[in-house]
Amino acid sequence: MEKALTQPLIAALISSVIAIRAYRRKSLDLSGALAGFIVMTLHFAVGYRYGAMLLAFFFSSSKLTKIGEERKRQIDADYKEGGQRNWIQVLFNSGIATILVVVIWKLTGVQDKCLDTKESVLITSLIGGIIGHYSCCNGDTWSSEIGVLSDDQPRLITNFKPVRRGTNGGVTKAGLLAALAAGSVIGLTFVIIGFFTTKCTTDVALKQLLVIPLSAMAGLSGSVIDSLLGATLQFSGICTVRNKVVGKPGPTVRRISGVSILDNNTVNLVSVLFTTLLTSIACAYIF
């Protein structure tokens, strides 16, 4: 009972400090900070591991977004200082996981659980979905932020032809390796925090280590799915006036790839949804 009362208070305190800090550092605008506060509070209130995975994604991605800002400004027509995110981007990058967190809370309260289908297939699948969700988000962001700064020639994922930096669906070796690393960071966070917050038998606890390679693959898979969607269902063109890659057709824009069906937010949402589902199913089989 005491934990059920104190954990939400601790969650609100942690979330308020981080949301204010992110707003002051221009990682989030005001609407993003408010949405982030709500999302973070829910995550930490239900389980510290869920909040930790969210923060591993947010801090690492925000840091990478600010590296090489001048070069990114020259490439990206829609560049925002500090990669500042609003409430829409916060929800598109954390909404599905937040729903899963709330469902877990309804089923288990604030009791942290191990991945163990012998105890509950449903809980294991839901937790696996959250792992997949943040592995995908982190993998996509690291892949984009590192890939655009690498010396590798970007190639369109559908036909491997060279494309301009910043083209939706363009991939590099450095970017794909970054996606693997980003996913593994989420898995490592889950495992390390779990050693302090869960009580499992020795064999079940050791099996949790499989989350690290699984999350690495989820990071890579999410990035690949995002790139496939970006190359086909998201427009990319070169503006002949600004000499930059843009995401909307126009009279001065020469098409590179894709059609205008999805925008960047919906591409992220669909890739997260697929990766969440795939990782959830994988956890049900593995654990």
Side-chain angles (χ1 to χ4, degrees), residues 56-80 82-83 85 89 92-93 131-189 212-238 244-247 256-258 262-272 274-276 278-279:
F57 157 59
F58 176 68
F59 282 137
S60 65
S61 295
S62 296
K63 189 69 175 177
L64 283 176
T65 299
K66 294 181 179 181
I67 295 174
E69 286 186 317
E70 185 56 39
R71 187 172 181 183
K72 291 172 183 175
R73 186 180 287 108
Q74 295 172 359
I75 295 170
D76 188 356
D78 299 318
Y79 179 82
K80 292 183 180 179
R85 293 171 173 84
Q89 291 163 311
F92 272 65
N93 281 289
I131 295 168
H133 182 289
Y134 287 116
S135 295
C136 174
C137 291
N138 215 33
D140 177 46
T141 305
W142 282 37
S143 179
S144 299
E145 299 298 338
I146 292 177
V148 76
L149 295 176
S150 75
D151 293 328
D152 295 347
Q153 170 63 57
R155 294 182 180 274
L156 198 65
I157 195 170
T158 50
N159 57 22
F160 299 108
K161 291 183 178 179
V163 289
R164 289 280 297 262
R165 296 187 189 280
T167 301
N168 296 310
V171 297
T172 63
K173 289 182 289 185
L176 294 176
L177 289 173
L180 275 170
S184 66
V185 166
I186 299 299
L188 188 62
T189 301
I212 299 172
L214 176 63
S215 61
M217 291 306 301
L220 177 61
S221 299
S223 179
V224 169
I225 292 170
D226 187 279
S227 296
L228 286 169
L229 292 170
T232 54
L233 301 180
Q234 189 176 6
F235 179 86
S236 288
I238 182 72
K244 289 184 178 181
V245 174
V246 295
I256 299 174
S257 64
L262 303 177
D263 63 12
N264 195 54
N265 287 328
T266 48
V267 164
N268 290 341
L269 181 64
V270 174
S271 60
V272 165
F274 273 110
T275 309
T276 297
L278 291 172
T279 312

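Because the structure is predicted, anything quoted here is derived from the model rather than measured. In this chain, numbering begins with 1 at the start of the sequence shown.
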[X] side chain to [Y] main-chain N or O, any donor-acceptor pair under 3.5 Å?
X	Y	answer
Ser223	Leu220	no
Thr167	Gly170	no
Ser143	Gly175	yes
Asn93	Gln89	yes

Please identify which of these residues, Asn168, Val163, Ile256, Thr232, meets the side-chain contact (heavy atoms from CB on, under 4.5 Å) condition with Leu156.
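Per the side-chain contact (heavy atoms from CB on, under 4.5 Å) rule, the option paired with Leu156 is Val163, out of Asn168, Val163, Ile256, Thr232.
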Are the side chains of [X] and [Y] in touch, meaning some heavy atoms are under 4.5 Å apart?
X	Y	answer
Ser62	Arg85	yes
Gln234	Asn264	yes
Val246	Ile238	no
Leu64	Thr141	no
Val224	Leu176	yes

Side chains of Asn138 and Ser61: do they bring a donor and an acceptor to under 3.5 Å?
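Asn138 vs Ser61: donor-acceptor pair found between side chains.
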For residues Asp263 and Thr266, is any side-chain donor paired with an opposing acceptor at under 3.5 Å?
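The answer is yes; a qualifying pair exists.
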From [atom1] ([X]) to [atom2] ([Y]), nearest 0.5 Å:
X	Y	atom1	atom2	answer
Ser271	His133	OG	NE2	9.5 Å
Leu262	Phe235	CG	CZ	14.5 Å
Gln153	Lys173	CD	NZ	11.5 Å
Asn268	Phe92	CG	CZ	9.0 Å
Phe274	Leu228	CZ	CG	11.0 Å

Smallest separation among heavy atoms of [X] and [Y], with atom names:
X	Y	result
Ala56	Thr189	CB-OG1, 3.6 Å
Thr279	Ala218	OG1-CB, 3.7 Å
Trp142	Ser60	NE1-OG, 3.1 Å
Arg165	Pro154	CG-CG, 3.8 Å
Ile225	Thr275	CD1-OG1, 4.0 Å
Ser215	Ile186	OG-C, 4.5 Å

Run Leu233 and Val267 through side-chain contact (heavy atoms from CB on, under 4.5 Å) and show every step you take.
CA-CA 8 Å; Leu233 301 180; Val267 164; 5.8 Å; no
Trace of the side-chain contact (heavy atoms from CB on, under 4.5 Å) decision for Cys136 with Ser221:
CA-CA 7 Å; Cys136 174; Ser221 299; over 6 Å; no
